[in-house]
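Step one of this worksheet: look at the structure below.
Whatever order the structure lists them in is the order used to number ligands and atoms, beginning at 1.
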Amino acid sequence: MGSDILEGQTCIVTGSSRGIGEGIATELGAHGAKVAVNYRSSEREAHETVDDIEDAGGTAIAAQGDVADYDQVEAMCEEVRDAFGPVDVLVNNAGITIDKTFGDMTREDWDRVISVNLGGVFNCTHCLFDDLQAADDGRLINISSVVGQQGNYGQANYATTKSGLFGFTRTIALEMARSGSTANCVAPGFVATDMLEEVPERVQQKILDRVPLDRFATVDDVSGIVRFLASEESSYMTGQILGVNGGMEW
Ligand code: NAP
């Protein structure tokens, strides 16, 4: 178990059955938070994440719900409140890619990525907006990407969603400020997860050539920043974008 800086905080991390979300959920759990591990279909992996948190002395539940579906998100939030009480910290992490050059991209490819990466953020934030504002240290943390800053070949749909989070975060930060709660955005560079596995090796090498620190990010590089944003230590930061990208220019 790490420190107890998040003791008493109820956190939902969307898409935390694996990858960056799993790392964030584990990190928040290790610092005393009660964590809801949201997933859409990876039930076994979500339960493994819960087991890992509990094995380390933390408290967690698995919470199924497709973030793109408002009714499912509402039900998932209710389940979490029943288990842990009102939600203090929402990490909008769930995200997907359907990569194609724009000429080959169908309207369906576009809509699906928008509905998960932006629609999901709307649904979760909307369902938890009152909780976050009523919390002593309410925290909204949106996981964007350096791709939202730079654009990326073959990712017009994904890049659009990730830049959209900047305007969303800034606006929600203004609207929540009265309550003392904060909204911030983390924009990781390229992180070694299943999502990166889908990128051809030749393209991975091209990306690495643009990273001054000459390595991909680890999940821990991102989860530590999210833990900081979730904690009281960041209470005077809001509406910000934190780049965790090995020094890439944008
Ligand atoms: P990942 O390994 O593909 O994991 C995605 C997670 O999201 C899984 O737990 C998945 O669970 C969940 N998920 C997907 N669609 C969902 C939905 N509709 N409802 C609920 N959960 C859903 O992805 P990752 O690399 O960890 O990426 C996590 C976030 O970081 C994303 O927002 C991504 O854009 C961002 N990011 C990633 C990188 C990178 O290089 N990997 C860089 C910058 C930013 P199920 O399997 O159950 O669907």
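- At a heavy-atom distance under 4.0 Å, only backbone atoms of S144 (N, CA, C or O) approach ligand 1.
- With N93 contributing its side chain and I143 its backbone, the two residues share no donor-acceptor pair below 3.5 Å.
- The shortest heavy-atom distance from A46 to ligand 1 is not under 4.0 Å.
- Ligand 1 has a nitrogen or oxygen under 3.5 angstrom from a nitrogen or oxygen of I20.
- Of the protein's heavy atoms, R18 NH1, 3.3 Å lies nearest to atom 2 (O) of ligand 1.
- Looking only at distances, no side-chain donor or acceptor of T169 sits under 3.5 Å from a matching main-chain atom of G239.
- The protein non-hydrogen atom at the shortest distance from atom 15 (N) of ligand 1 is I96 CG2, 3.6 Å.
- What sits closest to atom 18 (N) of ligand 1 on the protein, heavy atoms only, is D66 OD1, 2.8 Å.
- Ring geometry for F102 versus W110: interplanar angle over 60°, hence perpendicular rather than tilted (30 to 60°).
- Side-chain atoms of T14 come within 3.5 Å of backbone N or O of A94 as a donor-acceptor pair.
- Comparing V219, N123, N38 against atom 20 (C) of ligand 1, the shortest heavy-atom distance belongs to N38.
- At a heavy-atom distance under 4.0 Å, no atom of T97 approaches ligand 1.
- Using a 4.0 Å cut-off between charged nitrogen and carboxylate oxygen, E27 and R227 count as a salt-bridge pair.
- For S181 (side chain) and L132 (main-chain N/O), a donor-acceptor pair under 3.5 Å exists by modelled atom type.
- Look at E108 and R112 and you find no salt bridge, because none of the NZ, NE, NH1 or NH2 atoms lies under 4.0 Å from a carboxylate O.
- Ranking the protein heavy atoms by distance from atom 12 (C) of ligand 1 puts G15 CA, 3.4 Å first.
- In this structure a side-chain-to-backbone donor-acceptor pair under 3.5 Å is missing from N142 to L165.
- Close contacts of ligand 1 with G65, meaning ligand atoms under 4.0 Å from a residue heavy atom, involve 19 (N), 20 (C).
- In terms of modelled atom types and a separation under 3.5 Å, the side chain of D88 and the main chain of T10 share a donor-acceptor contact.
- No donor-acceptor pair closer than 3.5 Å links the side chain of N184 to the backbone N or O of I241.
- Between atom 36 (N) of ligand 1 and the options Y158, F190, Y39, the minimum heavy-atom separation is to Y158.
- Below 3.5 Å of separation, one finds no N or O of G21 facing any N or O of ligand 1.
- Contacts between E22 and ligand 1 below 4.0 angstrom, taking non-hydrogen atoms only, are absent altogether.
- Ligand 1 lies less than 4.0 angstrom from a heavy atom belonging to S41.
- The nearest protein atom to atom 46 (O) of ligand 1, hydrogens excluded, is given as S42 OG, 2.5 Å; this is a heavy-atom distance.
- With distances taken over non-hydrogen atoms, the option nearest atom 48 (O) of ligand 1 out of Q72, E43, R40 is R40.
- Between P188, A192, A187, G189, it is G189 that holds the heavy atom closest to atom 42 (C) of ligand 1.
- A side-chain donor-acceptor contact under 3.5 Å links N157 to the backbone of I98.
- Below 4.0 Å from some heavy atom of G19 lie the following atoms of ligand 1, by number and element: 2 (O), 26 (O).
- The backbone N or O of V67 sits less than 3.5 Å from a side-chain atom of N123, completing a donor-acceptor pair.
- Closest to atom 28 (C) of ligand 1, if we only count protein heavy atoms, is N93 OD1, 3.3 Å.
- Judged by distance alone, with hydrogens and angles left aside, the side-chain atoms of D69 form a donor-acceptor pair with the main-chain N or O of Q72 at under 3.5 Å.
- Of all protein heavy atoms, the one closest to atom 23 (O) of ligand 1 is M195 CE, 3.8 Å.
- In the vicinity of A94, heavy-atom distances shorter than 4.0 Å reach the ligand 1 atoms 7 (O), 21 (N), 22 (C), 32 (O).
- Looking at T193 against ligand 1, only its side chain comes within 4.0 Å, counting heavy atoms.
- Of the protein's non-hydrogen atoms, S17 OG, 3.3 Å is the one closest to atom 11 (O) of ligand 1.
- C77 approaches I12 most closely through the heavy-atom pair SG-CD1, 4.5 Å.
- The N/O atoms of K162, backbone and side chain alike, include one that comes under 3.5 Å of an N/O atom in ligand 1.
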